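I have placed the structure first, in the form of structure tokens, so that the comments after it can refer back to it.
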Amino acid sequence: MKKSIVENLNFSQAEAVLCIEKPLIIFAGAGTGKTRVITHKIAYLLSLGISPCSILAVTFTNKAAIEMKKRVIDLVPKTGSNVWISTFHSFCSYFLRTEALKIGVPSDFSIYNFADQKCVLKDCFKELNIDENKFVVSNIADRISRAKDDLRSPVNMTTKFNTENTLFANTVAEIYELYQKKMKNAGSLDFGDLIMQTVLAFQMYPILLDYYQGKYKYIMVDEYQDTNYAQYVLVKLLAAKYHNICVCGDDDQSIYSWRGADVNNILSFEKDYPNSRSIKLEQNYRSTPKILSVAYQVVKHNTARVDKRLWTQNCDDGCVKVLRTRNENDEALKIAKLIYLDVYSGKYNFSDFAIFYRTNAQSRVFEDAFRRICIPYTLIGTLKFYDRAEIKDIVAYLKFIHNQNDNVSFKRIINVPRRGVGKTSLEKLEKFSLMKNISMWQTIIFAREAGLTEKVIVALNSFVKFIRVSIELKNNASVREVVEKVIAHSGYVQELEIENLHESKIKIENIQELISAVKDFEKTSLDKSLMGYLTQVSLISDIDSADESKNKVTLMTLHLAKGLEFNNVFICGLEEGLFPIIRETTICNKRELEEERRLMYVGMTRAKKRLYLCWSLERTIYGKTKWSAPSRFILEAGFKDEIMYIKQNFSMNLNRKFSAINMGTGFNKKFPSATEVKYNIFDDYHHSYIALNDKTKDELVSTTGASIVKILCKFKIGAMVTHPIFGRGKIIEKSGIGNDLKLTVLFEDGQWKKLLARVANLTLI
DNA sequence: TAGCCCGGCGTTTTT
DNA sequence: CGCCGGGCTA
């Protein structure tokens, strides 16, 4: 039995599969058969007679979880299906619902996504009288999410625990606190809460922890480099009894640190578990030696990494090439033609090709070009099904029928379709609900007291009636029936039918698609309740995997490419400022640059046969055309000749008086003055030149735009300044560049001012 | 209440 | 260049 399980594995893989009674870390490079190892390991455990219920495997994506589950069931048909394999979030939501009574969360909590969070935050801003121009909602949403990733409470965010940026920290903490209160009132948890509340529950209730520690004797975590602090603590707590923990990941593929993931979790595993074993998987089964070598040349420029080098027995039949083009249209067209020729000569299928880019905005030219040449393509990630307004509306109805305290959903649907309940009525209602500390739904009966007009009250009452009937239906009928009734009787589709635009027809089609998604859910899911459906919808969000079988070219961002593979990969927009992407505030941040480089590494290692590195001499972004320099990644990959084109274009541009250049000045900013441009072009060139001839790591890191930082970023975010009139303050925000550089300064009296740096007469202190 | 216009702003986004 | 949101007006 044992033999058959490791039979088809290489030595390291087999070692990893067989090592089960101690902490194990598997450094699994790209394409080294990591999922294979985990699934075989589970099969091995089961073959030893270990109960499937004592095995827990967590991943980050539903796709990975589903894939893993499928492969385990393939290996061990019956018992395999009883192993708990899921994402962190669905594990936690299952735990929280199951133990809700013991830990004091409502068992029927709603799950709020990022958009819902922002709605709640907007209300918080209003209530606290905070100007949205001074604090950006999504920025605060991010901060609160990061706080939860770090298991920090609102109090923990205040100056008591932070020395820097006093007023700012306190304001964030204040918003965070109110936000939590509103979430609690709405009976809702956000993604961060799911993890954090689980950890808190385990920390607070040792008996509960003890039970789950005993239950899950074998724990496996995939993509460990992507865990945040909360997830790290969660895993550590669960594994504390038996230490039979197996994590696997690749620090070179850590590309989500901006979302709270901490590479150090994987780097310090051996310190956390002193008696652990470490196994490296370095044999790659995906790419050609050339691709691996070039990818390694790039990633080895990073300093903070575990040394490892992929090798392969694959034959060297592909190629790695640089594709230089005139502008982004040229880039798209040239690539389209290459694909066209390969497909029509019978060499490849459309599905053998993938286009990767750094920003979603880059996809458009490809769509145009592909449409023109009649190349079928699939665009991944831009407009997700559940992000469409019409789908969100219908789902909001369902969420509201499930939980009437869900104020976000209430506000979304109360006037969709139009019922004549407008902004002012809603504001009155909201004000009253805050005063009474009840949900907006509960406020409806006080509508007259709240000062609403008779007309509005009538409209509200018919809405109430509709919801009541729907709740009744929910308790007695299937989800499908509820959805169908909501769609038929809310008046939503009728309004679209009356509009009768092309757009509204598409919306109706999408709504039909939602019904079939619900039918699907009822076929496949164990928990067939409305809550079960809503949980699934909240935690899944993409249904695009269905298209995989189709013969189409794939277009996606580099972030979405992780875990996938294609025969032919085009990495596009490889230009300084675009990839690596540069913002004025982080232009020389080494950590972020290294993450960009890992992103490049991820992109490159997706290719099985051929890899094209594409860059454009000129690119139009947001209606402004700029000249570009080739990405340092192209040079690092060994294509040093490309530097000649910088030279040529610099002298060319000099003669043209530098109409513009892409030099990493942010996006929709005005062109810098001629002198600035001149300076920066020379500087860019100079530094690149140095990088090539005297390439120490540090110099490469600061290759581009270093002097821009000197000129324009004298005023850094967080720096203290004094103003002749307003006094001492801290820079909390920046916009514009050069002569248009504007600084938002938070002064000690609590006032914010947006000041033009050129004239504000600020002094750094 | 709702529709229109203007201005600001635009990296990535597993759940 | 386009999108979204806030504010103003019919």
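Keep in mind it's a predicted model, so treat the numbers as computed, not measured. Lettering of chains follows the sequences in order, A, B, ..., and the numbering in each one begins at 1.
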Which is true for [X] with a 4.0 Å heavy-atom rule: it touches a base, it touches only sugar-phosphate, or it touches nothing?
X        : value
A:Phe88  : nothing
A:Thr59  : nothing
A:Lys562 : nothing
A:Arg419 : nothing
A:Leu560 : sugar-phosphate

Can you tell me the distance, in whole Å, between the [atom1] atom of [X] and the [atom2] atom of [N]?
X        : N      : atom1 : atom2 : result
A:Asn360 : B:dG10 : CG    : C1'   : 12 Å
A:Lys126 : C:dG6  : NZ    : P     : 9 Å
A:Lys423 : C:dT9  : NZ    : C1'   : 12 Å
A:Asn415 : B:dA2  : CG    : P     : 5 Å
A:His559 : B:dT15 : NE2   : P     : 14 Å

For atom OH of A:Tyr94, is the number of surrounding heavy atoms from other residues, nucleotides or ligands below 6.0 Å larger than 12?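 Counting neighbours around OH of A:Tyr94, 12 or fewer heavy atoms of other residues, nucleotides or ligands fall under 6.0 Å, so no.
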Greater than 12 external heavy atoms within 6.0 Å of A:Lys431's NZ: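 For A:Lys431, atom NZ is not crowded (no more than 12 foreign heavy atoms under 6.0 Å).
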Measure from the side-chain heavy atoms of [X] and tell me the nearest of [options].
X        : options                : result
A:Thr424 : C:dG6, B:dT13, B:dT1   : B:dT1
A:Thr87  : B:dT11, B:dT15, B:dT13 : B:dT15
A:Glu592 : B:dT15, B:dT11, B:dT1  : B:dT11
A:Glu596 : B:dT11, B:dT15, B:dT13 : B:dT11
A:Tyr256 : B:dT11, B:dA2, B:dT13  : B:dT13
A:Arg358 : B:dT12, C:dG2, B:dT15  : B:dT12
A:Thr557 : B:dT15, C:dG6, B:dT12  : B:dT12
A:Tyr622 : C:dC1, C:dG6, B:dT13   : C:dC1
A:Trp258 : B:dT11, B:dT15, B:dT13 : B:dT13
A:Thr61  : B:dT15, C:dC1, B:dT13  : B:dT15

May I ask you to decide if A:Tyr229's main-chain N or O and A:Asp262's side chain share a donor-acceptor pair within less than 3.5 Å?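 No; judged by distance alone, with no hydrogens or angles, the pair does not exist.
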Sidechain N-carboxylate O distance under 4.0 Å for A:Arg364, A:Glu328: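 Between A:Glu328 and A:Arg364 there is no salt bridge, as every charged N stays at least 4.0 Å from the carboxylate O atoms.
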Between A:Glu132 and A:Gly623, just flag the one whose closest nucleotide in DNA chain C comes earlier from the 5' side.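 Counting from the 5' end, the first nearest nucleotide belongs to A:Gly623.
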If only side-chain N and O atoms count, and only distance matters, is there a donor-acceptor pair under 3.5 Å linking A:Glu595 with A:Ser257?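 Yes.
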